[in-house]
Visitor: 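This is the structure I want to talk about, given as structure tokens.
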Amino acid sequence: MLNPFYFNNFQIYFKIKMQEKMKYPFKEIEEKWRKYWEEKEVYKTNLTDAKNKLYTLVMFIYPSGAKLHIGHWYNYGPTDSWARYKKLRGYNIFEPMGYDAFGLPAENYAIKTGIHPYDSTMKNIEDIRKQLKRMGCMYDWNAEMMTCVPEYYKWNQWLFLQMYKKGLAYRKNAPVNWCPSCQTVLANEQVQTDGTCERCGTTVVHKHLTQWFLKITDYADELLEGLDKIDWPERTKAMQRNWIGKSVGTEINFKVDSTDYSFTVFTTRPDTLFGVTYVVLAPEHELVQKITKEEQKEEVEKYIEKVRTLSEIERTSTVKEKTGVFTGAYAVNPINNEKVPIWIADYVLSTYGTGAVMAVPGHDERDFEFAKKFNLPIRKVILQEGTAPEDELTEAFTGKGTMINSGKFSGLPSDEGKEKITDFIEQKGFGGRKVNYRLRDWLISRQRYWGTPIPIVYCDNCGEVPVPEDQLPVELPYDVDFKPHGSSPLARNENFVNTTCPKCGGPAKRDADTMDTFVDSSWYYLRYMNSRYSEGMFDAELANKWTPVDMYVGGAEHATMHLLYARFVHKFLRDIGLVNSDEPFAKLVHQGTITNQGAKMSKSKGNVVNPDDFTEQYGSDVFRMYLMFMGPYELGGDWSDKGIVGVDRFVQRIYSLFTNNRNLLKKVTPKEKYEIEKLNEAEKSVYRKTNAALKKYQNEIENFGFNTAVAALMELLNEITKNLSELSDGIKAYTLLRFNVMLAPLAPHLGEECWQLLGNEVSLFEKPVWFDADESALRVDTVTIAVQVNGKVRASINIPVDAGKETVKEIAFQSKNVQKFTEGKTIVKEIFVKNRIYNVVVK
RNA sequence: GCGAGAGUGGCGGAAUUGGCAGACGCGCUAGACUUAGGAUCUAGUACCAAUUUGGUGUGGGGGUUCGAGUCCCCCCUCUCGCACCA
């Protein structure tokens with residue numbers, strides 16, 4: 001019976017069994033607390049009380065077929081931890097979550113599988129909601145909302161109509177980016193640098209369509225100035241500044257020789273006006289057809305045709321050699337009546353400035369290159385300091401200098417010349433000062449099904465007629481052939497398209513396009529406060545209490561699109577009296593990108609890491625804490641699960657520490673503060689460490705320094721376990737309580753469990769508790785400072801805190817090593833920084 | 001090309017105002033737990049020599065300073081953004 005082999009195995013079995021019992025049972029515990037929070041509605045925000053309000057927002061989720069990935073966890077987990085910390089500190093937190101539910105992927109998926117975008121989106125939302133709940137964030141599920149329902153998108157239409165009324169929504173036929181794969185138009189902002197479609201990677205081509213634009217350019221200046229007032233990452237603000245691209249310059253009219261035609265150029269360098277040796281029009285410029293001479297017609301036509309096939313990126317590539325064609329016509333330089341040839345070239349864009357450029361090859365790199373290639377004259381009109389007028393230009397000189405060969409303006413510094421020449425041009429009526437922006441109006445028309453219908457009808461009698469507000473929403477029909485045929489899917493739905501004119505009652509057709517989904521996301525943060533509100537776009541009273549958003553966290557890739565559009569819409573809503581603030585997001589933080597093997601995670605690359613694998617093995621707290629511990633939040637980094645066991649061990653140690661001290665608070669009530677001199681050495685050191693950790697933790701969490709906050713907690717745990725046997729129950733309870741409140745934001749389930757284990761009756765997040773550091777404990781009586789001889793550390797000495805130089809010097813020179821390095825030498829200099837360093841310089 | 005950020009042990013990364021570089025974690029090494037260990041605990045772990053100790057070290061080169069990972073100049077590499085913007 002007592003076979004040693006059996007016995008042996010039984011022992012092992014027993015030991016393993018015991019360990020399993022000890023191990024932190026994260027599955028039950030995490031589920032237990034999630035259920036508790038949900039049943040007690042712990043995260044339901046009292047929105048009527050905005051006294052201590054803190055609106056914490058993450059960019060809402062796009063419910064694609066893919067489940068939550070590491071990036072979502074990395075975005076939402078730490079942000080929630082920050083908000084939880086703030087909650088423990090007494091803030092009234094509002095942390096909502098919703099779904100950015102319209103969009104192309106759902107439609108592409110439908111095209112591929114035949115599953116209706118509405119059905120797949122709703123299914124995805126179901127799945128994602130479950131996953132989100134398992135993360136254990138403080139989302140107020142009462143506020144949950146999605147953009148693809150009429151209750152929401154009705155207000156996109158309403159917003160559009162308000163802009164229309166103010167003349168901010170207009171239609172124009174313009175060269176647009178056409179993605180042959182998506183069969184749709186893309187905004188310039190949505191075309192990638194290599195000329196491909198942001199969503200599908202297909203090379204974008206040009207197509208001319210009549211489209212709706214929102215006049216964001218009217219707000220260009222304010223969007224620029226507003227950046228100074230918001231707490232956003234500098235790099236993001238710089239990106240928006242560049243994107244808006246304000247440049248102050250001069251517009252100058254050039255007459256076309258022996259005709260009545262004229263055109264305008266924009267320049268930031270009017271001081272080089274005498275250096276103009278030719279002018280260039282964009283191939284699309286309206287004048288090109290009118291002025292081209294008969295003998296040049298064929299060549300010009302051929303060139304225009306060639307340019308039409310090029311994407312903007314190809315046209316503007318620096319690598320590409322300059323191309324262009326002479327029109328045969330001449331323009332007259334208004335400053336000196338000189339006749340200069342008119343060329344067309346693809347490097348001049350019709351979408352920027354006036355679509356016409358005065359070419360100064362001597363002082364502009366592109367013009368220089370062009371002139372060299374086509375043998376056009378190069379004239380020097382700005383003299384570089386330290387060079388002679390007769391020196392030949394080997395490259396364009398684009399800096400400041402002294403004007404030469406410029407008539408009566410010769411001799412002026414170029415800065416002054418800019419003003420003088422502009423004054424002259426204004427006086428003569430040839431043009432004037434002009435501010436130009438790189439920013440273009442926001443193209444919102446999409447020839448697509450899965451979006452907000454544009455509330456406009458076209459009537460043969462009345463023309464373009466806005467749908468009256470009381471007839472909103474213009475509902476998106478369910479039955480539709482969403483397969484792309486080059487036109488909008490809605491255009492083929494007779495029931496939708498055919499309608500009556502709201503003005504004359506005659507037959508009319510609806511606009512068959514839908515809106516860019518960035519319209520949806522440009523105001524969603526205003527609706528969360530009352531997501532079922534039906535009296536208006538949003539509950540303005542609540543929205544004004546709670547906005548601007550106090551903390552907005554999301555990817556840096558939205559720097560120039562979503563984040564600019566939302567600012568624009570917010571300012572517009574302010575102007576029509578709906579909101580009372582200037583900016584939507586007071587503070588912005590970008591989470592870094594988590595890559596895998598150096599590449600962005602994507603389905604196509606097959607390098608997607610599934611967070612579920614880790615949450616199932618370690619639990620959601622461990623996974624969340626590991627993501628925070630990996631490195632600086634804003635940097636992101638390459639994914640590796642190498643260190644996750646470290647965080648798991650940390651959690652195991654915490655759990656056994658708290659289980660071993662179960663109901664400690666029933667035995668003892670710790671004091672608010674202890675007199676440090678009355679504690680034993682172990683207690684002193686734990687007491688100090690506890691308060692140092694509190695201080696450090698606060699600093700770090702406030703600034704999204706999660707990695708160092710976790711490290712501070714680990715240090716504290718090490719200090720506690722090292723000294724555990726020497727601690728009185730009072731000190732033990734004191735430090736565990738503080739450890740617990742710091743732990744809870746980072747690992748909320750475990751935090752609650754420990755809180756209960758200690759003997760607390762009410763959930764921590766139900767009744768928030770925080771402890772401030774006892775500053776007196778941080779004051780120490782002795783400090784260790786370095787003693788340097790000639791800048792090299794030769795000793796470390798303990799000195800009384802705040803000890804003066806003479807005392808320190810005395811102690812320092814007791815060190816043999818210091819003596820050794822100073823022996824026989826004279827002291828030239830002494831540097832003493834209190835409590836930091838003593839450095840003696842000898843010779 | 002322009003703009004922003006980064007470069008620190010075998011690895012992820014720490015380091016208020018310039019003031020003891022390498023916190024915390026992973027990994028590794030050794031030991032303990034009467035036999036097993038993908039468990040736990042303890043100790044060690046930048047590099048080079050050696051016992052104490054000395055020297056070298058934050059991408060490379062120069063500079064400021066008593067003192068530089070940190071500030072200044074030049075260069076290299078990587079990441080992101082922009083790209084003929086007139």
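Sequence lines set the chain letters: A, B, ... in the order given, protein chains first and strands last, and positions in each chain run from 1.
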Visitor: For R438(A), which contact category applies under a 4.0 Å heavy-atom criterion: base, sugar-phosphate, or nothing?
Guide: base

Visitor: Which atoms form the tightest heavy-atom contact between T354(A) and T264(A), and what is the distance?
Guide: OG1-O, 2.7 Å

Visitor: Checking all strands, does S640(A) fall into the base, sugar-phosphate, or nothing category for heavy-atom contacts under 4.0 angstrom?
Guide: nothing

Visitor: Under 4.0 Å between any heavy atoms, over every strand shown, what does R794(A) touch: base, sugar-phosphate, or nothing? Just pick one.
Guide: sugar-phosphate

Visitor: Nearest whole angstrom, please: distance from the C1' of A14(B) to the CE of M630(A).
Guide: 16 Å

Visitor: Using Watson-Crick or G-U wobble geometry with both distances below 3.5 Å, tell me the partner of G10(B), or none.
Guide: C26(B)

Visitor: Could you work out the separation of G5(B) and G59(B) based on their C1' atoms and round it to a whole Å?
Guide: 16 Å

Visitor: For A21(B) and G3(B), measure between their C1' atoms and round to the nearest Å.
Guide: 32 Å

Visitor: In whole angstrom, give the distance that lies between atom CE of M239(A) and atom P of G5(B).
Guide: 11 Å

Visitor: Taking atom P of U65(B) as reference, at what distance in whole Å does atom CG of N790(A) sit?
Guide: 16 Å

Visitor: Kindly determine whether T327(A) and I344(A) satisfy side-chain contact (heavy atoms from CB on, under 4.5 Å), including the steps that lead there.
Guide: CA-CA 7 Å; T327(A) 60; I344(A) 60 169; 3.9 Å; yes

Visitor: Would you mind building the protein contact string for nucleotides 19-27 of chain B? One character per nucleotide, 5' to 3', B for base within reach (heavy atoms under 4.0 Å), S for sugar-phosphate only, - for untouched.
Guide: BB--BBSSS

Visitor: Roughly, in whole Å, what's the span from CD in Q819(A) to P in U52(B)?
Guide: 20 Å

Visitor: Take atom C1' in G22(B) and the same atom in G57(B), then report the distance between them in whole Å.
Guide: 11 Å

